[in-house]
Amino acid sequence: RRSTNQFLFECEREVVEMRTDVQRLQQVVINLLSNADKFTKEGTITLKLEPDTARNVAVFSVTDTGCGIPLDKQKRVFERFEKLNEYAQGTGLGLSICKSIVERLGGKISVSSEFGKGTTFTFTLPYTVAESVSVDSEKKNGDETSEGMSSAANTRHACILVAEDTDSNFDLLEAILGKEHRIIRA
């Protein structure tokens, strides 16, 4: 379906540089924006980025003016296979995957919502003001400068067998994982 929502981006800085796994960051942001769009009809969805140099974190938030999440569901929203609406498209894995990614990258994720008025998902990632580093000094330290990047390089091009009956779910997995891995459908 074509979205009828207005999407906004807010950031006080013109450029924010951070060292992170860009693909995983994109995966989290896209999932949060997609969820907000799914549960908002003709409303506003805002992605906000606020570098917090005092706490050394970048604070990302996705706020919508959608249906909101009942208080009893907010406590379970990051659990696997938890769905707000059983009739809405999805497997109930997206938010648990987001939580896993954010935590693996060294951050935290939370939700605040008022049922009937909207929801905000907020996550943080480690952030320090980028220093100027010459290409020569990076090469002396090795191409991979963080453990996460090194381990990601070691798992590239793995073959993954996916048992999935729903075409859209398989397509999503293939879109996310297919750039770095060989995906085979069982």
Side-chain angles (χ1 to χ4, degrees), residues 1-71 73-80 82-85 88-130 148-149 152 168-169 171-173 175-180:
R1 80 170 174 88
R2 186 165 171 80
S3 179
T4 56
N5 294 309
Q6 178 182 18
F7 288 81
L8 303 172
F9 175 69
E10 295 178 2
C11 184
E12 291 182 7
R13 297 185 187 188
E14 191 161 315
V15 176
V16 177
E17 292 183 29
M18 43 186 304
R19 186 175 289 247
T20 191
D21 185 328
V22 175
Q23 289 178 319
R24 297 294 77 88
L25 174 58
Q26 287 175 341
Q27 183 179 354
V28 171
V29 170
I30 288 169
N31 186 278
L32 294 176
L33 290 171
S34 296
N35 282 355
D37 188 49
K38 187 180 350 179
F39 293 106
T40 304
K41 303 293 181 249
E42 298 180 11
T44 303
I45 298 166
T46 305
L47 170 62
K48 188 173 186 177
L49 169 57
E50 298 175 283
D52 183 343
T53 54
R55 295 187 310 152
N56 291 324
V57 294
V59 181
F60 295 82
S61 63
V62 174
T63 301
D64 66 57
T65 57
C67 62
I69 303 170
L71 189 58
K73 288 236 181 195
Q74 289 179 37
K75 297 171 185 157
R76 300 188 323 263
V77 77
F78 294 109
E79 293 177 14
R80 292 175 45 192
E82 185 63 35
K83 292 180 68 170
L84 175 62
N85 178 344
Q89 183 179 0
T91 60
L93 288 172
L95 291 174
S96 69
I97 291 170
C98 287
K99 182 177 189 243
S100 176
I101 290 170
V102 168
E103 289 176 350
R104 181 181 278 165
L105 293 174
K108 295 179 180 178
I109 189 167
S110 62
V111 61
S112 63
S113 183
E114 188 172 342
F115 188 63
K117 297 207 174 186
T119 302
T120 299
F121 282 91
T122 303
F123 69 96
T124 60
L125 292 179
Y127 171 78
T128 54
V129 177
M149 293 165 72
S168 62
N169 291 344
D171 292 342
L172 177 63
L173 284 170
I176 293 168
L177 300 172
K179 293 178 182 151
E180 294 187 25

TODO: Nearest 0.5 Å please: distance from the CG atom of Asp64 over to the NZ atom of Lys117.
DONE: 14.0 Å
TODO: Nearest 0.5 Å please: distance from the CD1 atom of Ile30 over to the CD atom of Gln23.
DONE: 10.5 Å
TODO: Keeping the roles fixed (side chain from Gln74, backbone from Ser113), state whether a donor-acceptor pair exists under 3.5 Å.
DONE: yes
TODO: With Arg24 as reference, evaluate Ile101, Val102, Leu125 under the side chain to side chain contact (heavy atoms under 4.5 Å, CB included) test and give the passing residue.
DONE: Ile101
TODO: State, to 0.1 Å, how close Pro126 and Leu105 come at their nearest heavy-atom pair, and which atoms those are.
DONE: CD-O, 3.2 Å
Open item on the list: Rounded to the nearest 0.5 Å, what separates atom CG in Leu71 from atom NZ in Lys73?
Closed with: 13.0 Å
Task: Smallest separation among heavy atoms of Tyr127 and Glu17, with atom names - done: CE1-O, 3.3 Å
Open item on the list: Looking at every heavy atom in both Phe115 and Ile69, which two are closest together, and how far apart are they?
Closed with: CD1-C, 3.9 Å
- [ ] Please report the C-alpha distance between Thr122 and Ser112 in whole Å, then the side-chain angles of each, then the deciding distance to 0.1 Å, and finally whether the side-chain contact (heavy atoms from CB on, under 4.5 Å) criterion is met.
- [x] CA-CA 8 Å; Thr122 303; Ser112 63; 5.7 Å; no
Open item on the list: Show the nearest heavy-atom pair for residues Lys99 and Phe78, with the distance to one decimal.
Closed with: CD-CB, 3.6 Å
Open item on the list: Any side-chain to backbone donor/acceptor pair from Thr124 onto Lys108? Under 3.5 Å, distance only.
Closed with: yes
Task: Minimum-distance pair of heavy atoms, taken over all atoms of Gly43 and Asn5 - done: N-OD1, 2.7 Å
Open item on the list: So which atom in Gln6 and which in Leu8 form the shortest heavy-atom distance, rounded to 0.1 Å?
Closed with: NE2-CD2, 3.6 Å
- [ ] Please tell me if the side chains of Gln26 and Val22 come closer than 4.5 Å, counting only heavy atoms from C-beta onward.
- [x] yes
Task: Contact list for residues 49-70, test ring-ring contact (aromatic ring centres under 6.0 Å, His included), sequence neighbours left out - done: Phe60-Phe123
TODO: Find out whether Glu10 and Thr46 are in side-chain contact, i.e. whether some heavy atom of one side chain is under 4.5 Å from a heavy atom of the other.
DONE: yes
Open item on the list: Contact between Glu50 and Cys11 at the side-chain level, heavy atoms closer than 4.5 Å - yes or no?
Closed with: no
Task: Donor-acceptor pair between Asp37 and Ser3 side chains, under 3.5 angstrom - done: yes
Open item on the list: Taking Ala58's backbone N and O only, do any of them form a donor-acceptor pair with Asp52's side chain (distance below 3.5 Å, no angle check)?
Closed with: no
- [ ] Apply side-chain contact (heavy atoms from CB on, under 4.5 Å) to the pair Phe7 and Thr44, showing each step before the final yes or no.
- [x] CA-CA 6 Å; Phe7 288 81; Thr44 303; over 6 Å; no
TODO: Show the numbers, then the answer: is there a side chain to side chain donor-acceptor pair (under 3.5 Å) between Thr63 and Thr120?
DONE: CA-CA 4 Å; Thr63 301; Thr120 299; 3.0 Å; yes
Task: Inter-residue atom distance Arg13.CZ - Leu49.CG, 0.5 Å rounding - done: 8.5 Å
Open item on the list: Has Ser100 got a side-chain atom pairing as donor or acceptor with Ser96's backbone, closer than 3.5 angstrom?
Closed with: no
TODO: Rounded to the nearest 0.5 Å, what's the gap from CG on Leu47 to CG on Leu32? Could you check?
DONE: 9.0 Å
Task: side chain to side chain contact (heavy atoms under 4.5 Å, CB included), paired with Leu95, selected from Ile109, Val77, Val28 - done: Val77
- [ ] Flag the pair Ile45 / Val62 as yes when at least one side-chain heavy-atom distance between them is below 4.5 Å, and no otherwise.
- [x] yes
- [ ] Under the side chain to side chain donor-acceptor pair (under 3.5 Å) rule, collect the residues that match up with Arg104, sequence neighbours excluded.
- [x] none
